[in-house]
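Keep in mind it's a predicted model, so treat the numbers as computed, not measured. Note on naming: letters A, B, ... go to the chains in the order of the sequence lines (proteins, then strands), and numbering restarts at 1 for each one.
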There are 2 protein chains.
Amino acid sequence: MGPGDLAEVLAPIPGASDERILVGRETFDDAGVFFLSDELALVQTVDFFAPIVDDPYTFGQIAAANALSDVYAMGGQPLTALNIVAFPNDKLPLAILTDILRGGLDKVHEAGAHIIGGHTILDEEIKYGLAVTGRAHPKFLLTNAAAKPGDRLVLTKPLGTGILATAIKRGELAPSAQAEVLASMTTLNGGASRAALAVGARCATDVTGFGLLGHASHVARASGVTLRFSVAAIPAFAGAADAWARGVNTGGAERNLEYVNPLVDWGSSTDAQRALLVDPQTSGGLLVAVGPDRVAAYLSRVAGAVEVGTVTERAEFAIVLQ
Amino acid sequence: MGPGDLAEVLAPIPGASDERILVGRETFDDAGVFFLSDELALVQTVDFFAPIVDDPYTFGQIAAANALSDVYAMGGQPLTALNIVAFPNDKLPLAILTDILRGGLDKVHEAGAHIIGGHTILDEEIKYGLAVTGRAHPKFLLTNAAAKPGDRLVLTKPLGTGILATAIKRGELAPSAQAEVLASMTTLNGGASRAALAVGARCATDVTGFGLLGHASHVARASGVTLRFSVAAIPAFAGAADAWARGVNTGGAERNLEYVNPLVDWGSSTDAQRALLVDPQTSGGLLVAVGPDRVAAYLSRVAGAVEVGTVTERAEFAIVLQ
């Protein structure tokens, strides 16, 4: 569901008011955080969606990496997960579902966590995902509310998975480009998360359905700052801009653009650049705000990480493209 | 999904092997239990489904009571929950979803827990539920693996919600009977759970999609015992048997019957009785195994609880109807 509709749905519902809720829904952060003791907080998230690739095992891996990412984006270490499954078992062989679950399980194990349950319903269309619980130290979280003026912005994976997943479905993406984007979507954000904590960062978010600018706008709002992106520095998958130019797009991008449009000074960015900046990502990278003296240390620890902008005092726009 | 298909899907997937998993999927218990410390275990479950009643607020309450019940069935105290939502927001007003979420939130608050996140997707059909996390003491759990010969079986809510929900959808249920079944489905199992722990019980399960006999068969298998039910004593909602006799039934009942049939000595039970015993329940009661000297104490603490059978050494059948 788009961020605008979601805000409308939730507006009449009172927010939670318990001091044990360290991160609730108010800041549109990646996961909720609940205080259990001075040294233990639970980091919890749920995510699931319809297949974006044909291979069931790969889809399971991507869905799990995507759900686990929300825990990593808060500085959590995944502990447990529950499978969430919708499957048309009157129409498709059950072996497909076994392969999806095996892909999910392998990623959960790679994260050092365990699947301890789940729920499966009959449905017209396959859907798969996980509810994930991680542990974190209440004093060492990564939230979207902790960006400070002077921080540098680092993005750990290229953009374009939304456009390219559509291109793959249409059979329009070359095998080598396909392999690259699948490898990225099945890569866990655990290393990027641990490196952020190691260099003393306190602000991160993962880039998923609302696109880079949607999630960046939540950082800007929750932190009370402006995020300035160097558009030319932002990494994108080979072929994503071309696919967009050929007419490959997603409904999510349109909703994201509508949502962030009033918050963004678009500068001289091109239509193609904008399309990538609002492209809904699946299992996207982390956007991390790192102190200026630690950014080199972070970049050296995280393969593929790229410096893409800076944080300044809140200005007229939440996001400025340069 | 029916229990047979589910077993087929999961068969090729290796079970978890970590000593911190106190309850995993092997015993088909109501929730997973993960050890965090000598005094703290997490109890985790996920459940969601399509509306079984027309009123959105009531549906939200029922879905939440049903999901929370899995935590109660393990002896847990709910702490946090995540919303799981599918909604056709191109076809229905968003206010319907707000009402569903409000119903869920009110039940979660009644349970003393908090909703700290969620995930919403566009879908053809509404679905709602929760991933719930509770806390329990690792030494004081209620599992389906702890029934002992000599225990008495107590059921805390009447059977028949599956049949009656279908009758309600068809407009065939009188308002007073409707009110009774809705009141039951929106009643939390927290009192029944706390009373079980208070009288020293260690075995419980909640009666949901697999019907009384489906869940009873899991108790029998996990505990290595036979469950003997006094069929005439088992409570059912007024009108459920009549509705069944008029042809009201569910696909779930047929799957459940097929699943438990080889495990049950049906005795002289009637077709109508069997239909209720395999009727898939939503937000059903707890089935608790209580020591014979404590059963009176339990019955006095839990309104509506009824003694329905006994536990014996494992015999030829897992379940015997008397």
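- Contacts between Ile13(A) and chain B at a heavy-atom distance below 4.5 Å involve the side chain alone, from C-beta outward.
- Only the side chain of Leu105(B) comes within less than 4.5 Å of a heavy atom of chain A; its backbone N, CA, C and O stay farther away.
- Of the listed residues (Ile115(B), Leu42(B), Val33(B), Leu97(B)), the greatest number of heavy-atom pairs within a distance under 4.5 Å of chain A belongs to Leu97(B).
- Open room surrounds CG on Asp54(A); 12 or fewer heavy atoms of other groups in view lie less than 6.0 Å from it.
- The aromatic rings of Phe48(A) and Phe48(B) sit parallel to each other, their planes meeting at less than 30°, with 60° as the upper class boundary.
- Between chain A and the residues Gln44(B), Arg20(B), Glu125(B), the most heavy-atom pairs under 4.5 angstrom are made by Gln44(B).
- When heavy atoms are compared at a cutoff of 4.5 Å, Asn89(B) approaches chain A solely by way of its side chain, counted from C-beta outward.
- Heavy atoms of Ile21(A) lying under 4.5 Å from chain B belong exclusively to its side chain.
- Chosen from Ala95(B), Gly118(B), Ser37(B), the residue pairing most often with chain A at heavy-atom distances under 4.5 Å is Gly118(B).
- Counting heavy-atom neighbours within 6.0 Å of Glu258(A) CD, excluding the residue itself, gives a total of 12 or less.
- Counting heavy-atom pairs closer than 4.5 Å to chain A, the top-ranked of the candidates His109(B), Arg25(B), Glu8(B) is Glu8(B).
- Both the backbone and the side chain of Thr120(A) come within contact range of chain B, with heavy atoms under 4.5 Å apart.
- At a 4.5 Å heavy-atom cutoff, the contact between Asp47(A) and chain B is made by backbone and side-chain atoms alike.
- Each of Leu6(B), Leu36(B), Asp123(B) has some count of heavy-atom pairs under 4.5 Å with chain A, and the biggest count is that of Asp123(B).
- Going from atom CG of Leu10(B) over to atom CG of Leu101(A) covers 6.5 Å, rounded to the nearest 0.5 Å.
- The contact between Leu79(A) and chain B is made by backbone and side chain atoms together, counting heavy-atom distances below 4.5 Å.
- More than 12 heavy atoms of other shown residues, nucleotides or ligands fall within 6.0 angstrom of atom CD in Glu26(B).
- Using a 4.5 Å cut-off between heavy atoms, Ile121(A) touches chain B through backbone and side chain atoms alike.
- Taking chain A as the reference chain and counting heavy-atom pairs below 4.5 Å, the highest number among Pro12(B), Ala31(B), Gly24(B), Ala11(B) is found for Pro12(B).
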